[in-house]
Amino acid sequence: MVQQEFQHHIETHFPELWEDPFLVACSGGLDSVVLVHLCNKCKLNFAIAHCNFGLRGSESDMDEAFVIDLAKALDIILFVTRFDTTAYAKRHKVSIQVAARELRYAWFNELLKEKGLKKLVTAHHADDNLETFLINLSRGTGLQGLLGIPEKTASIARPLLPFSREAILDYAKREGIVWREDSSNLETKYLRNNIRHKVIPLLKDLNPDFLVNHAKTTEFLSKSNEIVQNHIQRLKTKIFKQDKDIIRVEIAHISVLKPLKGYLYELFKPYGFTEWDDVEGLLTALSGKSVISKTHRLWKDRGYLLLQELTQENAKEFTIEREQSALNYPVHLIIEEVPALKETADDILYVDKKTLKYPLTVRKWKTGDYFYPLGMKNKKKLSKFFKDEKISVLDKERQWLLCSQDQIVWVIGKRGDDRFKVTKETKNILKFSFKE
């Protein structure tokens with residue numbers, strides 16, 4: 001029964017698995033071993049991947065040996081890797097569970113690319129989905145979090161999601177399938193195991209159809225979420241305006257939305273924000289006030305909210321060596337030695353070559369930066385310079401500086417530093433031209 005239902009489910013929902021080779025993640029446990037057997041009986045083209053996390057000593061090694069034997073018995077290509085999961089968790093300051101997840105999915109993605117495989121297929125089933133629903137519910141979540149585990153993404157397929165753990169177990173026993181028991185699955189110190197062994201059995205006792213009803217509820221929630229996301233996407237198309245690497249959103253367009261916090265959640269949740277009182281507070285905050293997520297920054301600039309992805313570029317310094325005649329990234333500078341001063345403009349700077357100490361650097365401005373504006377003898381903080389020049393928060397974020405060691409040579413495209421100017425004693429003149 002399970003095999004016929006599985007094959008029909010593949011035909012109707014995962015036709016790509018009939019067409020292209022894929023990768024099955026197999027731990028050696030019940031669910032993934034049954035998945036391997038089902039894919040094999042359906043004569044699908046796949047390979048197996050097994051991770052040894054080294055967390056249970058000889059048990060982990062026996063799991064690995066079991067999967068190796070399984071692949072040999074079924075004549076299926078196998079990829080195996082070992083991780084020092086504990087060391088990774090300490091180095092990255094994450095839990096063992098998070099470390100194991102990050103390690104395995106990074107490796108799976110590498111395999112997909114290297115071996116030309118189209119999908120990763122995992123053995124998540126209906127009980128896993130219910131567990132995820134309850135975990136998200138217990139932690140606090142929006143509609144998206146109540147949808148549980150998606151059946152498929154661009155790179156992952158989960159064809160066992162309609163099947164219960166009970167149905168999978170019955171099938172394995174009926175077919176005489178052997179698998180490995182993971183002793184850590186019995187430990188209730190983990191939230192998921194607690195829910196699996198204590199909460200879900202009670203729910204099923206209260207209502208034997210709880211799992212089936214949850215699946216129906218998830219399907220309804222998914223349709224509702226689709227309606228919401230379609231509306232939000234149309235709204236984003238209307239009010240989110242791309243400006244180079246920044247998205248500008250006019251506050252007047254957001255303030256009229258009701259319920260406001262609900263709209264803010266749907267509009268900005270994809271960018272990693274979680275502090276919704278702070279996000280709402282930006283609407284009435286002073287310019288420059290910001291909220292940071294792990295991936296993005298959202299800040300107020302007059303009548304706008306500005307959204308920008310956090311990148312390593314902002315923390316980088318880009319070097320210019322003595323012999324270089326140009327810098328192409330992150331800004332375009334042309335560097336040439338000239339016999340005399342000629343045309344002048346904001347995008348041109350002449351300096352006395354001997355005042356420079358190489359390598360030069362190009363970097364973003366930071367709090368505390370100061371320079372001596374060309375023609376002035378006193379230093380001035382960049383923050384004050386920006387304010388006096390009425391430079392917007394957005395333009396300040398994009399501003400690059402040309403520096404000689406720790407001294408600013410040029411607020412690029414705006415003002416040079418007096419300490420590097422050409423004088424009567426200058427013998428070698430360097431011309432910097434800034435191209436947008």
Side-chain angles (χ1 to χ4, degrees), residues 92-95 98 101-102 135-147 225 228-317 330 363-369 381-387 389-401 411:
H92 294 273
K93 298 179 180 178
V94 295
S95 68
V98 170
R101 177 181 174 80
E102 290 180 356
I135 288 171
N136 290 343
L137 185 64
S138 69
R139 290 172 174 168
T141 186
L143 181 56
Q144 195 79 35
L146 297 179
L147 301 181
N225 184 62
V228 171
Q229 295 310 314
N230 285 340
H231 171 63
I232 291 298
Q233 191 53 50
R234 286 196 297 271
L235 182 60
K236 278 187 173 182
T237 302
K238 188 176 180 180
I239 69 174
F240 277 40
K241 303 301 180 183
Q242 194 75 41
D243 183 1
K244 295 182 181 177
D245 61 334
I246 286 175
I247 294 173
R248 301 168 65 95
V249 189
E250 194 169 345
I251 290 174
H253 290 152
I254 295 180
S255 299
V256 297
L257 300 173
K258 305 295 179 187
L260 179 57
K261 193 168 288 188
Y263 271 101
L264 289 173
Y265 178 88
E266 292 295 342
L267 288 169
F268 295 108
K269 181 71 166 62
Y271 306 101
F273 296 100
T274 57
E275 303 299 325
W276 300 109
D277 287 340
D278 293 342
V279 171
E280 185 178 8
L282 288 180
L283 302 180
T284 53
L286 297 174
S287 287
K289 181 73 173 176
S290 66
V291 178
I292 308 290
S293 74
K294 289 183 178 180
T295 59
H296 287 76
R297 181 185 178 198
L298 184 68
W299 74 99
K300 169 84 173 285
D301 182 24
R302 298 186 177 91
Y304 292 88
L305 291 184
L306 305 180
L307 178 67
Q308 184 180 40
E309 184 178 4
L310 297 176
T311 65
Q312 290 300 314
E313 178 185 286
N314 288 348
K316 281 184 179 179
E317 289 190 352
R363 65 169 174 83
K364 287 288 182 74
W365 80 282
K366 54 182 183 285
T367 303
D369 275 339
K381 283 193 172 183
L382 271 185
S383 56
K384 182 69 164 59
F385 171 75
F386 290 146
K387 184 177 181 180
E389 295 294 315
K390 295 182 172 55
I391 294 171
S392 70
V393 174
L394 176 56
D395 287 336
K396 284 193 289 185
E397 292 292 323
R398 291 173 170 167
Q399 183 62 56
W400 290 95
L401 308 175
V411 181

Participant: Side chain of Thr237, backbone of Gln233: donor and acceptor closer than 3.5 Å?
Facilitator: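 Such a contact is found between Thr237 side chain and Gln233 backbone.
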
Participant: Sub-3.5 Å donor-acceptor pair from the side chain of Lys300 to the main-chain atoms of Ala285, do we have one?
Facilitator: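 Yes; judged by distance alone, with no hydrogens or angles, the pair exists.
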
Participant: Evaluate whether atom NZ of Lys381 has more than 12 neighbouring non-hydrogen atoms of other residues, nucleotides or ligands under 6.0 angstrom away.
Facilitator: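 Counting neighbours around NZ of Lys381, 12 or fewer heavy atoms of other residues, nucleotides or ligands fall under 6.0 Å, so no.
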
Participant: Search all heavy atoms of Leu283 against all heavy atoms of Ser255 and return the closest pair with its distance.
Facilitator: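 The answer is CD1-OG, 4.5 Å.
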
Participant: Does the side chain of Tyr263 pick up a donor-acceptor pair with the side chain of His231 at under 3.5 Å?
Facilitator: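 There is such a pair between these side chains.
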
Participant: Measure across Trp400 and Arg363 and return the closest heavy-atom pair with its distance rounded to 0.1 Å.
Facilitator: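 Closest approach of Trp400 to Arg363, heavy atoms only: CE3-C, 3.3 Å.
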
Participant: Using every non-hydrogen atom in the two residues, find where Ile292 and Phe273 come nearest and quote the distance to one decimal.
Facilitator: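 The pair with the smallest heavy-atom distance is C-CE2, 4.1 Å.
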
Participant: Indicate yes or no for a side-chain donor-acceptor contact from Lys294 to the backbone of Gly272 under 3.5 Å, with no hydrogens or angles considered.
Facilitator: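 Judged by distance alone, no pair lies under 3.5 Å.
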
Participant: Test salt bridge (Lys or Arg N to Asp or Glu O under 4.0 Å) on Arg398 and Asp245 and set out the steps.
Facilitator: CA-CA 9 Å; Arg398 291 173 170 167; Asp245 61 334; 3.5 Å; yes

Participant: Do Arg297 and Glu397 sit within salt-bridge range, that is, some charged N less than 4.0 Å from a carboxylate O?
Facilitator: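 Here Arg297 pairs with Glu397 in a salt bridge, since their nearest N and O are under 4.0 Å apart.
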
Participant: Within the 4.5 Å heavy-atom criterion, are Asp277 and Lys261 side-chain neighbours or not?
Facilitator: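 Asp277 reaches Lys261 side chain to side chain.
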
Participant: Taking the side chain from Asp369 and the backbone from Lys366, do they hold a donor-acceptor pair closer than 3.5 Å?
Facilitator: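 Pair found, side chain donor or acceptor close to backbone of Lys366.
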
Participant: With a 3.5 Å distance limit and no angle check, can you tell me whether Trp365 reaches the backbone of Lys396 through a side-chain donor-acceptor pair?
Facilitator: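 The answer is yes, because a donor-acceptor pair under 3.5 Å joins these two groups.
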
Participant: Could you please spell out the steps behind the side-chain contact (heavy atoms from CB on, under 4.5 Å) verdict for Leu267 and Leu257?
Facilitator: CA-CA 11 Å; Leu267 288 169; Leu257 300 173; 4.2 Å; yes

Participant: Using a 4.5 Å cut-off on heavy atoms from C-beta on, say whether the side chain of Tyr265 contacts that of Ile232.
Facilitator: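 Ile232 does not reach Tyr265 side chain to side chain.
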
Participant: Evaluate the side-chain proximity of Leu382 to Gln399: yes if any heavy-atom separation is below 4.5 Å, no if none is.
Facilitator: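 No, every pair of side-chain atoms sits at 4.5 Å or beyond.
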
Participant: Should Leu235 and Ile239 be marked as a side-chain contact (heavy atoms from CB on, under 4.5 Å) after you check the CA-CA gap, both sets of side-chain angles, and the distance that decides it?
Facilitator: CA-CA 6 Å; Leu235 182 60; Ile239 69 174; 4.1 Å; yes

Participant: For Gln229 versus Gln144, what's the shortest heavy-atom pair and its separation?
Facilitator: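 Scanning both residues completely, I find the closest heavy atoms to be NE2-OE1, 4.1 Å.
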
Participant: Could Lys289 and Trp299 be counted as a cation-pi pair, given that NZ or CZ must be under 6.0 Å from the ring centre and within 45° of the axis?
Facilitator: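 Ring-cation test returns no.
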
Participant: Please indicate whether Lys269 has more than 12 foreign heavy atoms, meaning atoms of other residues, nucleotides or ligands, lying under 6.0 Å from its NZ.
Facilitator: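 Check fails, neighbour count at 12 or below.
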
Participant: Could you go through the side-chain contact (heavy atoms from CB on, under 4.5 Å) check for Leu282 and Leu298 one step at a time?
Facilitator: CA-CA 9 Å; Leu282 288 180; Leu298 184 68; 3.8 Å; yes

Participant: I'd like to know if the side chain of Asn136 and the backbone of Leu146 have a donor-acceptor N/O pair within less than 3.5 Å.
Facilitator: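 Side chain of Asn136 to backbone of Leu146: no pair is present.
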
Participant: Donor-acceptor check, side chain of Glu266 to backbone of Phe268, threshold 3.5 angstrom: yes or no?
Facilitator: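 Flag not set: sc Glu266 to bb Phe268 has no pair under 3.5 Å.
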
Participant: For a quick test of reading the model, state the closest non-hydrogen atom pair linking Lys236 to Pro270 and the distance between them.
Facilitator: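 Heavy atoms only, the tightest pair is NZ-CG, 4.0 Å.
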
Participant: Do the side chain of Ser138 and the main chain of Ile135 share a donor and acceptor less than 3.5 angstrom apart?
Facilitator: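 At least one qualifying donor-acceptor pair exists.
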
Participant: Mind checking whether Tyr271 and His296 have parallel, tilted or perpendicular rings, split at 30° and 60°?
Facilitator: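 The arrangement is perpendicular - the two ring planes meet at more than 60°.
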
